[in-house]
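Okay, structure first, notes after.
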There are 2 protein chains.
Amino acid sequence: MMEQTDAVAALSALAHAGRLEVFRLLVKAGHAGMAAGKIAEATGTLPNTLSASLNILTHAGLIHSRREGRSVIYSADFEAMSGLLTFLMEDCCSGEPAICGPVADLARAGTCATEGCA
Amino acid sequence: MMEQTDAVAALSALAHAGRLEVFRLLVKAGHAGMAAGKIAEATGTLPNTLSASLNILTHAGLIHSRREGRSVIYSADFEAMSGLLTFLMEDCCSGEPAICGPVADLARAGTCATEGCA
DNA sequence: TCCATATTTCGAGAAATATAGAAATATAGC
DNA sequence: GCTATATTTCTATATTTCTCGAAATATGGA
């Protein structure tokens with residue numbers, strides 16, 4: 001289970017337009033991931049600035065990397081993502097379950113709105 | 001639908017141990033909310049520091065307030081909360097639906113783990 | 001009106017974060 | 001070994017954020 005410290009680290013990492021864009025790009029890219037250079041190209045950021053962003057997201061546990069030849073491939077950590085979402089939602093229930101139901105439904109609906117994933 | 005700018009504002013507001021604690025407290029408190037003084041007491045923060053935190057959460061749209069006598073009652077904005085979760089999850093589906101299913105399930109499971117909310 | 005309670009605003013100093021240029025490191029191919 | 005490509009690290013500066021004490025504002029009751 002995620003600690004508050006981890007949650008703050010993850011939220012801090014995502015609380016930045018550039019890094020949020022990178023993370024969402026990697027979420028879209030799925031397990032295949034994306035080379036740092038491709039990310040820089042897609043987002044229009046300088047290589048060193050992007051590297052700093054990737055470093056912060058990595059240390060927050062939201063993404064991880066593997067080397068493939070000259071490129072370093074980054075990909076989202078979906079377990080960490082679900083861990084963060086779980087942390088943000090888990091207290092929603094403790095007070096009045098009636099409130100949390102719609103929130104969970106909305107989140108789920110939003111998730112599956114794009115295409116027909118169960 | 002939430003813009004990236006709004007998402008960054010919300011994430012920034014939550015990316016702080018004190019503010020995250022306040023927000024979760026208000027999520028637990030439900031629609032009844034909680035007076036600023038009670039929040040300060042519960043979290044052990046100075047009134048002015050707490051006021052700054054509440055102000056930031058308010059401007060991020062995550063909470064709202066109403067005055068009751070001498071107290072100002074704060075409560076979580078559950079629509080904003082679900083909006084943020086939706087925003088964070090919506091791109092999960094666009095690439096490979098197979099990945100996003102478990103994430104959504106986990107989030108939902110986490111939500112409902114505490115008690116029996118559908 | 002005067003006083004007590006509740007909360008917010010102001011102002012300043014300290015700490016953390018963001019960005020970019022330049023240099024350094026790692027890998028691949030010749 | 002040499003060169004080109006890919007990415008990271010170093011260093012400095014600009015900016016933002018955090019926290020607190022002190023003062024100000026708002027409400028309720030005597």
Side-chain angles (χ1 to χ4, degrees), chain A residues 4-26 29 32-77, chain B residues 4-26 29 32-77:
Chain A
Q4 189 182 59
T5 304
D6 303 323
V8 169
L11 290 165
S12 294
L14 294 174
H16 179 280
R19 293 194 298 261
L20 184 55
E21 188 184 1
V22 168
F23 181 70
R24 297 178 86 205
L25 210 55
L26 292 179
M34 213 166 160
K38 290 291 176 186
I39 301 173
E41 188 184 338
T43 59
T45 48
L46 292 173
N48 53 355
T49 301
L50 176 69
S51 186
S53 293
L54 292 169
N55 199 32
I56 288 168
L57 287 168
T58 299
H59 277 91
L62 289 167
I63 64 175
H64 45 76
S65 61
R66 63 181 191 275
R67 180 172 276 277
E68 269 184 25
R70 275 182 283 204
S71 298
V72 177
I73 311 292
Y74 283 88
S75 44
D77 187 314
Chain B
Q4 189 181 57
T5 304
D6 303 323
V8 170
L11 291 166
S12 294
L14 294 174
H16 178 279
R19 293 193 299 262
L20 183 55
E21 187 184 2
V22 168
F23 181 70
R24 297 178 87 204
L25 210 56
L26 292 178
M34 213 167 163
K38 290 289 177 188
I39 301 173
E41 189 185 337
T43 59
T45 47
L46 291 173
N48 54 357
T49 301
L50 176 69
S51 186
S53 293
L54 291 169
N55 198 32
I56 289 168
L57 286 168
T58 299
H59 276 91
L62 290 166
I63 64 176
H64 45 75
S65 61
R66 63 182 191 274
R67 181 172 275 276
E68 269 183 24
R70 275 183 283 205
S71 298
V72 178
I73 311 294
Y74 282 88
S75 45
D77 188 315

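Fair warning: this is a prediction, and the values are worked out from it, not measured in the lab.
Comparing B:Ala35 and A:Ser53 against DNA chain C, the residue whose closest nucleotide sits nearer the 5' end is B:Ala35. Each of B:Leu54 and A:Ser12 was assigned the nucleotide of DNA chain C with the nearest heavy atom; the assignment lying further toward the 5' end belongs to B:Leu54.
Summarising the geometry, the separation between CD1 on B:Ile56 and C1' on C:dT8 is reported as 14 Å, rounded to the nearest angstrom. One can place CG of A:Asn55 at 12 Å from P of C:dA18, the figure rounded to the nearest angstrom.
Shown here for A:Leu11 and B:Ala15, the closest heavy-atom pair between the two residues is C-CB, 3.6 Å. The minimum heavy-atom distance linking B:Ile73 with B:Ala32 is given by the pair CG2-O, 3.5 Å. Across all non-hydrogen atoms, the minimal contact from A:Ala76 to A:His64 is O-NE2, 3.8 Å. The two residues A:Ala42 and A:Leu25 make their nearest non-hydrogen contact at CB-CD2, 3.9 Å.
Summarising the geometry, atom CD1 belonging to A:Ile39 is positioned 6.0 Å from atom CG belonging to A:Leu50; distances are rounded to the nearest 0.5 Å. In this structure, CD1 in B:Ile63 is found 10.5 Å from CZ in B:Arg19, a value given to the nearest 0.5 Å. The CG atom of B:Leu57 lies 9.0 Å from the CG atom of B:Leu20; values are rounded to the nearest 0.5 Å. In this structure, the separation between CG on B:Leu54 and OG1 on B:Thr45 is 8.0 Å, given to the nearest 0.5 Å. Here A:Leu26 contributes atom CG and A:Asp77 contributes atom CG; the two are 11.0 Å apart, rounded to the nearest 0.5 Å.
Close approach of DNA chain D to chain B, defined as any atom under 4.0 Å from a non-hydrogen atom of the protein, starts and stops at D:dC18 to D:dG28.
Contacts between residues 61-75 of chain A and DNA chain D, defined by a heavy-atom separation below 4.0 Å, involve A:Arg70, A:Ser71, A:Val72, A:Tyr74, listed by number.
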Problem - B/S/- contact track for nucleotides 10-15 of chain C, protein heavy atom under 4.0 Å - result: ------
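Residues B:Arg66 and B:Ser75 meet the side-chain proximity criterion, which asks for heavy atoms closer than 4.5 Å.
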